[in-house]
Protein chains: 2
Amino acid sequence: MINCRILKQVLVLNKEKNFARAALSLHLSQPTLTRNIQALEEKVGYKIFDRAPGNLKLTNFGQMLVRHAEKIVSASSQLENEIAQFLNLQAGHLNLGMGPFPAETSFSRTIGLFNEQFSKIHIKSTVDNWENLHTLLLNEKIEFFVAETSELEKNKYLEITPLQSHPGFFYCRTDHPILEKMTINLKDCMQYSMILPKLPKRFINFLNTEISSREKQKEYAYIECDNVGMTNKIVLNSLAIGIGVYDLVSNHLQDKRIKIIPFHPGFMKTIHGIVKLKSHTLSPAAQEFISILNLVEEELCTEETLYFSRTSDAVSEKG
Amino acid sequence: MINCRILKQVLVLNKEKNFARAALSLHLSQPTLTRNIQALEEKVGYKIFDRAPGNLKLTNFGQMLVRHAEKIVSASSQLENEIAQFLNLQAGHLNLGMGPFPAETSFSRTIGLFNEQFSKIHIKSTVDNWENLHTLLLNEKIEFFVAETSELEKNKYLEITPLQSHPGFFYCRTDHPILEKMTINLKDCMQYSMILPKLPKRFINFLNTEISSREKQKEYAYIECDNVGMTNKIVLNSLAIGIGVYDLVSNHLQDKRIKIIPFHPGFMKTIHGIVKLKSHTLSPAAQEFISILNLVEEELCTEETLYFSRTSDAVSEKG
DNA sequence: ACGATTTACGGAGACCGTAAGGATT
DNA sequence: AATCCTTACGGTCTCCGTAAATCGT
């Protein structure tokens, strides 16, 4: 197998028609170039250049060799360009998935930042619940996803990097009658329609322990909705109660159009993580995305902590 | 510049999906393959394979790399094939030139032998006088030629390899009246029409010294003809006298349809050589052709010597 | 004598194979 | 235990640069 480097040297030498200039252009010493060409000539068993002072030219054989060398060297430098692009994230695709909460909190911010920095990367984002995302991941439709991980942690094919947990809460309109009560518990909340995304078992289990089987049979309103925007609108326009985290509703909180219901059971926090296949190396784009995501997450935590420390919306626990 | 050998290794490994098998197929030890792949991954700054026992697969990056590697490796092995062909003379062109005498003596035999051995080489032969051949050579229309070299030897751009000299002679029909004379000189010959190819100066000079200026002004018949076949036919059908060497007329000599005129001045011998540009390396085909040519020349000399030693057609000297 | 190319020498790095060391099943 | 991959070590070969020699004008 002929080394690509030496072919490049042949091409440059043929263009320059002079060992010294070619060597300079190739960042080689001139004797080195001579020896390399000689070695190649010896290796292939035939003269490539006819040397005459000031009149260097290709032999018949050399012409043939140069024709091929041009192809090879060009393909090779194309590869190197693409490697550089790949590593510099100047091209490529990034398919990723996210649960509904990450989608409207950290991901929307991260995608914005990532796109500013690497505008040539085509991002395809899929918002779905953790179960469907898991399927997409196994089928390699997405490189990784961020979602509730409480039910995935035992899976041996997955590699899960936990994210900072965010406190969750119920929220409602500012003028909601439930807020008039001194203390509020789950049953109080359940007097009203609740708008919930697909819930993890740990949540369902909680409901099951808190509510007697008789009460369970009583029909209580329950709107399943994975879409945060919709949830917010419903909450604003009805007595329904939503569930969320700070960043999902921060605008409405600051507008004072909604309020956090002061009922904070310990389980109400996100257990989110970055989920990828153990066997699969992330693309540089994905790695970069994740590092931006981590910065965004940190920022979110700071904002969140700041908000809760300045308001009476204390939460039971955090982290 | 990424080494082509390692790209090949990536391709084989990707096909085999197993380091041990790939290493075997590549005639490498298995740890060496591991290290080479690792080194490449480190060099390009990114993982190429995701390794899992029994489940080796390409990363995104690896897929991109393999796409390019296939192009490069394929171009490279194409080159190596063509080099092998070139050196084995399994393809290519051979443009060569020759004077009229070599054309019908050694060259016709050599071309036959060469073509038997290297039937895929396309031969283009040009028959012309040494002057026109010289021009063709300078313009690189031919790689080399064989012809009279007495007037080219001083040329510093040429490299001339002399060939064995052949004795030249005048010849005529067996029943030609000139043969009745006891001794024959130039003037006797010049009583008849002479059929001559383009003559070198050394020949002209001889004529000039032998013939007085008065005699020169007398018009003597002189047919310029570079074509040996034509010359023979004219000699057979007239009293014209031809000039030639043994192999040109050996058939007619053996048929006893012509005879050599017993007049052998010392200068009448070929001064032929292989002529090429000093600056130009001969193609392998040309080199092979020349080595066959040399064998043929040796054979011709043997036949020639044998003939002259068995007949009364003694010649004055031999080169 | 001068410009261009080649040879000679010593050292740095690439690459190989053997042997031993994990890891996963 | 078996299979597959990786690490460690020591030796060879390639390739480099500097310095000196050779070639052709």
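Note that this is a predicted model, so its numbers are computed, not measured.
Contact check, Asn18(B) against dC5(D): a side-chain N or O comes under 4.0 Å of OP1 or OP2.
Taking atom CZ of residue Phe49(B) and atom P of nucleotide dC4(D), one finds them 16 Å apart after rounding to whole Å. In this structure, CD of Glu16(B) is placed 16 Å from C1' of dC5(D), rounded to the nearest angstrom. For Arg51(A) and dT5(C), the CZ to P distance is 9 Å, given to the nearest whole Å. The CZ-P distance, from Arg21(A) to dG3(C), rounds to 14 Å in whole Å. Protein atom CD1 of Ile6(B) is 13 Å distant from nucleotide atom P of dA14(C), rounded to whole Å. Between the C1' atom of dA4(C) and the CD1 atom of Ile37(A) lies a distance of 15 Å, rounded to the nearest Å. Protein atom NZ of Lys17(B) is 12 Å distant from nucleotide atom P of dC5(D), rounded to whole Å. Rounded to an integer number of Å, the gap from Asp50(B) CG to dT6(D) P is 12 Å.
Sorted by residue number, the list of members of residues 56-63 of chain A with any non-hydrogen atom under 4.0 Å from DNA chain D is empty.
With sequence neighbours excluded, the residues that form a side chain to side chain donor-acceptor pair (under 3.5 Å) with Glu131(B) are Lys198(B). Thr34(A) pairs by the side chain to side chain donor-acceptor pair (under 3.5 Å) definition with Gln30(A), not counting sequence neighbours. Taking Phe114(B) as the reference, Phe118(B), Phe289(B) meet the ring-ring contact (aromatic ring centres under 6.0 Å, His included) condition, with sequence neighbours excluded.
Applying the side-chain hydrogen bond (donor to acceptor under 3.5 Å, both in side chains) rule to pairs touching residues 14-26 of chain A yields Asn14(A)-Lys17(A), Glu16(A)-Arg21(A), sequence neighbours excluded.
Ser125(B) is listed as a side-chain neighbour of Ile111(B), based on a closest heavy-atom distance under 4.5 Å.
Side-chain atoms of Glu297(B) and His166(B) include a donor-acceptor pair closer than 3.5 Å. A donor atom on one side chain and an acceptor atom on the other are not found under 3.5 Å apart for Thr270(B) and Glu148(B).
Using cut-offs of 30° and 60° on the angle between ring planes, the pair Phe107(B) and Phe144(B) is tilted.
None of Leu133(A), Leu94(A), Asp128(A), Thr135(A) except one satisfies the side-chain contact (heavy atoms from CB on, under 4.5 Å) rule with Ile142(A); the exception is Leu133(A).
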* Sugar-phosphate or base contact per nucleotide [nucleotides 10-25 of chain D; S, B, -; heavy atom under 4.0 Å] -> -----SBBBB------
